[in-house]
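Numbered from 1 within each chain, the chains take letters A, B, ... in sequence-line order. Values reported hereafter were calculated over all heavy atoms of this structure, with side chains retained and with hydrogens, waters and symmetry mates removed. It should be emphasised that the depicted structure is a prediction, and the values quoted were computed from it without experimental measurement.
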Amino acid sequence: MAEISKSYEPRDVEKKWYAAWQAAHAFAGRPAADRQPYCIVIPPPNVTGVLTMGHVLNNTLQDILVRRARLEGRAALWIPGTDHAGIATQTVVERELRKQKKTRHDFGREKFVEKVWDWRHEKGGIILEQLRRLGASCDWDRTHFTMDPAYSRAVLAVFVDLFRKGHIYRGKRLVNWCPASQTALSDEEVIMKPVNGTLWQVRYEIVDRPGEFISVKTTRPETIPGDVALAVHPDDPRYAGLIGKSVWRPLNRAQIPVVADTAVDREFGSGALKITPAHDKVDFEVGARHHLPVIDVLNADGTLNELAGPGLAGLDRFAGRKKAAELLKESGALVGEEAYQNNVGYSERADVPIEPRLTWQWWLKYPRVEEAKAAVRDGHIKFFPERWSKVYLHWLENIQDWCISRQLWWGHRIPVWYRKGLNKEKLTEADLKDPAKVHVSFDGPADKENWFQEDDVLDTWASSWLWPLATMGWPDETEMKKAGFDYFYPTTTLVTGPDIIFFWVARMIMAGLEFARPGAPLEKRIPFRNVYFTGIIRDHLGRKMSKSLGNSPDPLDLIDKYGADGLRFGIISIAPQGQDIRFVEDRIEFGKNFCNKLWNACRFRQLSGPAGDNASLAAIAARLDAAKFDADDHAILDRILATTRDLEKCFREFEFSAGIQALYGFFWNDFCDWYVEVSKAKLQSDETRANCLAIQDLVLRQTLLLLHPFIPFITEELWQLLGYGTADTFLMRDARLEDSSQLAAALENRGVRLDPAKTLRVSLLKELVSSARQLKASAGLAARSDLTYYLLNTAATNLVEVEDVARLLRLMGAKAFRVVGQAPENCPAIVTAAGTLYLEIKGTVDAAAEKQRLAKEQAALEKHIAATEARLANKAFTDKAPPAVIEGAKKQLAELQAKRAELERLLKALD
RNA sequence: GGACCCUUAGCUCAGUUGGUUAGAGCGUUUCCUUGACAUGGAAAAGGUCACUGGUUCGAGUCCAGUAGGGUCCACCA
């Protein structure tokens, strides 16, 4: 067995084990009749993306779940893959082309799509490689991509199916248009931002009352040429006589009517509203109600067109805005302007203001909305933290039809063909249902030459909403069988960010309910049973991490610096359930330090004695000798059992940072700081050595099992180095984590009955040791190890036993420790629960300093006693509090009073 | 406008059905390279739990309100 080196060097260890695991296909998830399934599908990252801290958190959590499930003996499967990310990817490739002064139109659709595929083949594997560095135990043989042929077939089959069911329709409506990407967007892809602009006041002259005007306020004067009316509130007395009259449109001068509509807010501005149906949602509705025409003055790229009139046509919308204001000023129509902040919708991807634009698009009326609500409301799908279910339900309550078509080239081209010669813009509802005019199918019409295909592609989310289905072979039955659909669906847990609860989570639920196992009960059709929402990682100032701010560290740099395990440990330790996380690198260093501590504790074990039979928990337990157990042995086994229980609870409740804290506290404080230290004495005696080594092995083995999901690399390495595995096996694949009851049973089988009295004694010994060190330090003798301590014990029972003394001496740093019945003279002292501890000092004691120290403690004690006395004196408390609490308070008071008496005695002795 | 979250030590954060004197890591001060680990050990300092009320024998924890910070939804031109 190789010797464990002095410090942990993650780089080679990580490389070695990841390669070994992969070569053995150890991550493969296969159905097994005698095992419970456990399945996670990865939230597919953008195919051209790179790893961010958000990915690190998200994927570490998934890996923790999947690795823990494996150790529990479940057939665990984690399906990886990537998303083609329509707009994002197309934009990236177009940006590259622009560097060569070209656009996608220079290549044409087919050539351009080829170029995107090239790009994908070149860059598409990066993020998955990076996930491997992190230790992600995905079943890589089952990697999927949303544009793979099989996946695409699923996407298009769903389109055809929903079209036939009447859920998908084509409609001309005002959509969110992104002038940069030149495509429609869904409502979810628009983010509102406050923008500082100008509110212009413009007057419209009344046609038959020259010299009289109606004024309106607008933030968008460039759309005035698109005005088709002014609207006022029907009950507004100011305009009562004007309804039905006409006014002069001040730009592209023409007569437009004044209409009455309740949509107008009388309080705002002058109470009159200009109606521009082509460029505003409310205006569009008003226009429809009053049968007004639509004048679209914008081109697809956001420039003004001929309808905007001379002076404006050809200008960009922002330049046009300025110009329009100037023109109005010249003509005297502009009567005021003020600084104004309003909310403007921005394209999430391109980060430019969107334009409401009237276009033909494909729409989806969501299926299974009511079932989707019920699935979460009735607990078939559980959200962690639970509060997100409210957000989810609220969205479903107000759900709007989904614009699923995109004017892009990169994506799933909509499987609709139109008969040649038809004008797409003039199709009626009846035409769309007439198979002689419109053909909808996966394969297309047999006589393709007589048809032309729809240009639009589908929204990326209209493919990723099928992720849990299509990654398991759906809808092809042979493929589903191969993928184990029957066994693994519904998946167990989805781990994702709350920012895509509408984009993805809700839609996957509806897709699952609609398409999985038709006719089966709801709980068989849902795509997952649990959804764990992570927090968002922010920088130390609380800002969202983003590329443009440059405030996101590169996770790969962090892995180089602290190791993947250190990064994982650190990030999970600061990620409580559902709270946002402020990233501080200190915590990652903390993770690295923990790994080094673990490493060295195992090194200590290795250096302490030869390995025994370590092949299983039973084998190690067989080496325990209950007759040789002392209090420390009892206490450490009690703690590892409790920690095992704690972790079980943490996994049940998705409390990972609590889990890691429990492991940290146990391992660092209980095992390293105490048990390893007391071991040093035990190991020197032939009498106790073997039993002590067996306990170390039992504890370390269990600790490695509990830690492995969090820090897989180092635990695998140590598992092997300490011989807990057998030849050709992995901790990650072949080991089984005994649960707390199995662990307790293994101990009992060896006659080990954990004794609470002994655990309690250890806490007394700890207090003694820490008091002894305190005495040394305050006497300025911290470095000395040749001191003598006396423990005054006048009680009938002796709390410190002979067998404890050797260990106490080592930990106190003392040469002698004596239990005495009479107080020694001239020694500084501390009152402990085990008796008063004295430090023998050569020379004179600084009585003043000693008095001060004791008096300070006395003051704190007095305060505490007073509070406890007051509590017990309160009749309401003694009447109403539970007996256990009252008993506890009484006992505590007695102890405090005894301590006070002893302190008073010590103070008196100093006088 | 509606909903939700946060405010605890200098910093980053825990605190699970209300119940001893509120914890951790980092940082700070002092001491220690003792044969697992200086990526370490020991000791110490540091908090009126944002504020104001309420419920309760008892509130960091439950309720209401206020202030500050954040997120989501809806948006009046």
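Side-chain atoms of A:Glu677 come within donor-acceptor range of the base of B:A36, with a qualifying N/O pair under 3.5 Å. If you check distances only, the side chain of A:Lys863 never reaches the base of B:U21 with a donor-acceptor pair under 3.5 Å. Side chain A:Asp879 to base B:C57: no donor-acceptor pair is found below 3.5 Å.
Contact check, A:Lys891 against B:U20: no side-chain N or O comes under 4.0 Å of OP1 or OP2.
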Taking only distance into account, with no hydrogens and no angle test, what donor-acceptor pairs under 3.5 Å do side-chain atoms of residues 858-876 of chain A form with protein atoms, sequence neighbours excluded?
residue	atom	partner	partner atom	Å
A:Glu862	OE1	A:Arg900	NH1	3.1
A:His864	NE2	A:Gln892	NE2	2.6
A:Thr868	OG1	A:His864	O	2.8
A:Glu869	OE2	A:Gln897	NE2	3.3
A:Asn874	OD1	A:Ala876	N	3.0
A:Lys875	NZ	A:Asp879	OD2	2.7

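Across B:A38 and B:A42, the matching C1' atoms stand 13 Å from one another, rounded to whole Å. With both ends at atom C1', the span from B:A43 to B:C57 equals 39 Å, rounded to whole Å. B:G53 and B:G70: their P atoms are spaced 28 Å apart (whole Å). Rounded to the nearest Å, the gap between the C1' atom of B:G46 and that of B:U21 is 16 Å. To the nearest whole angstrom, the two C1' atoms, one in B:C49 and one in B:A14, are 13 Å apart. When the C1' atom is used for both B:G15 and B:G47, the distance is 14 Å, rounded to whole Å. The separation of B:U7 from B:U17, taken at their C1' atoms, amounts to 24 Å, rounded to a whole angstrom. On the C1' atoms, B:A59 is 14 Å away from B:U48, given to the nearest whole Å.
Between A:Arg639 and A:Asp670, at least one side-chain N (NZ, or NE/NH1/NH2) sits under 4.0 Å from a carboxylate O, which counts as a salt bridge. A salt bridge links A:Lys649 with A:Glu653; the closest basic N to acidic carboxylate O contact falls under 4.0 Å. Looking at A:Glu222 and A:Arg220, a side-chain N of the basic residue comes within less than 4.0 Å of a carboxylate O on the acidic one, giving a salt bridge. Between A:Glu589 and A:Lys592 there is no salt bridge, since no side-chain N of the basic residue sits under 4.0 Å from a carboxylate O of the acidic one.
Set against B:G35, B:C32, B:U39, the side chain of A:Ala783 has B:C32 as its closest nucleotide. Comparing B:C76, B:A77, B:C37 against the side chain of A:Tyr340 picks out B:A77 as the nearest. Considering only the side chain of A:Lys680, B:A36 comes nearest among B:C75, B:C73, B:A36. Comparing B:C4, B:U16, B:C37 by their closest approach to the side chain of A:Lys649 singles out B:U16. Proximity note for A:Arg603 (side chain, C-beta onward) versus B:A77, B:A36, B:C72: the nearest is B:A36. Nearest to the side-chain atoms of A:Lys592 among the listed nucleotides B:U39, B:A36, B:C57 stands B:U39. In this structure, of B:U21, B:C75, B:A77, it is B:U21 that holds the atom nearest to the side chain of A:Leu896. Closest to the A:Asn343 side chain, of the nucleotides B:G70, B:C37, B:C75, is B:C75. Checking B:G19, B:A77, B:C76 against every side-chain atom of A:Phe877, the shortest atom distance belongs to B:G19.
Using cut-offs of 30° and 60° for the angle between ring planes, the A:Phe656 and A:Phe651 rings count as perpendicular.
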Short N/O separations, protein against nucleotides 22-27 of chain B, under 3.5 angstrom:
residue	atom	partner	partner atom	Å
B:C26	O2'	A:Asp586	OD2	2.8

Close N/O contacts between protein and nucleotides 41-43 of chain B (under 3.5 Å):
residue	atom	partner	partner atom	Å
B:G41	OP1	A:Lys597	NZ	3.2
B:G41	OP1	A:Trp668	NE1	2.4

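For A:Gln400, the CD atom sits in a loose shell: 12 or fewer heavy atoms of surrounding residues, nucleotides or ligands are nearer than 6.0 Å.
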Per-residue pairing states of RNA chain B in dot-bracket (Watson-Crick or G-U under 3.5 Å; . unpaired, | other strand) read (((((((..((((.....[...)))).(((((.......))))).....(((((..]....))))))))))))....
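Looking only at side-chain heavy atoms (C-beta outward), A:Pro250 and A:Tyr204 come within less than 4.5 Å of each other.
Looking at heavy-atom distances under 4.0 Å, A:Lys856 makes contact with sugar-phosphate atoms alone, never a base.
Sorted by first and then second residue, the salt bridge (charged side-chain N to carboxylate O under 4.0 Å, His left out) pairs involving residues 189-204 of chain A (not counting sequence neighbours) are A:Glu189-A:Arg406, A:Lys193-A:Asp351. Listed by first and then second residue, the salt bridge (charged side-chain N to carboxylate O under 4.0 Å, His left out) pairs involving residues 771-785 of chain A are A:Arg784-A:Asp786 (not counting sequence neighbours).
If you measure from atom CD of A:Gln852 to atom P of B:A44, you get 16 Å, rounded to the nearest angstrom.
Of the candidates A:Phe654, A:Tyr532, A:Phe533, A:Trp388, A:Phe383 forms a ring-ring contact (aromatic ring centres under 6.0 Å, His included) with just one, namely A:Phe533.
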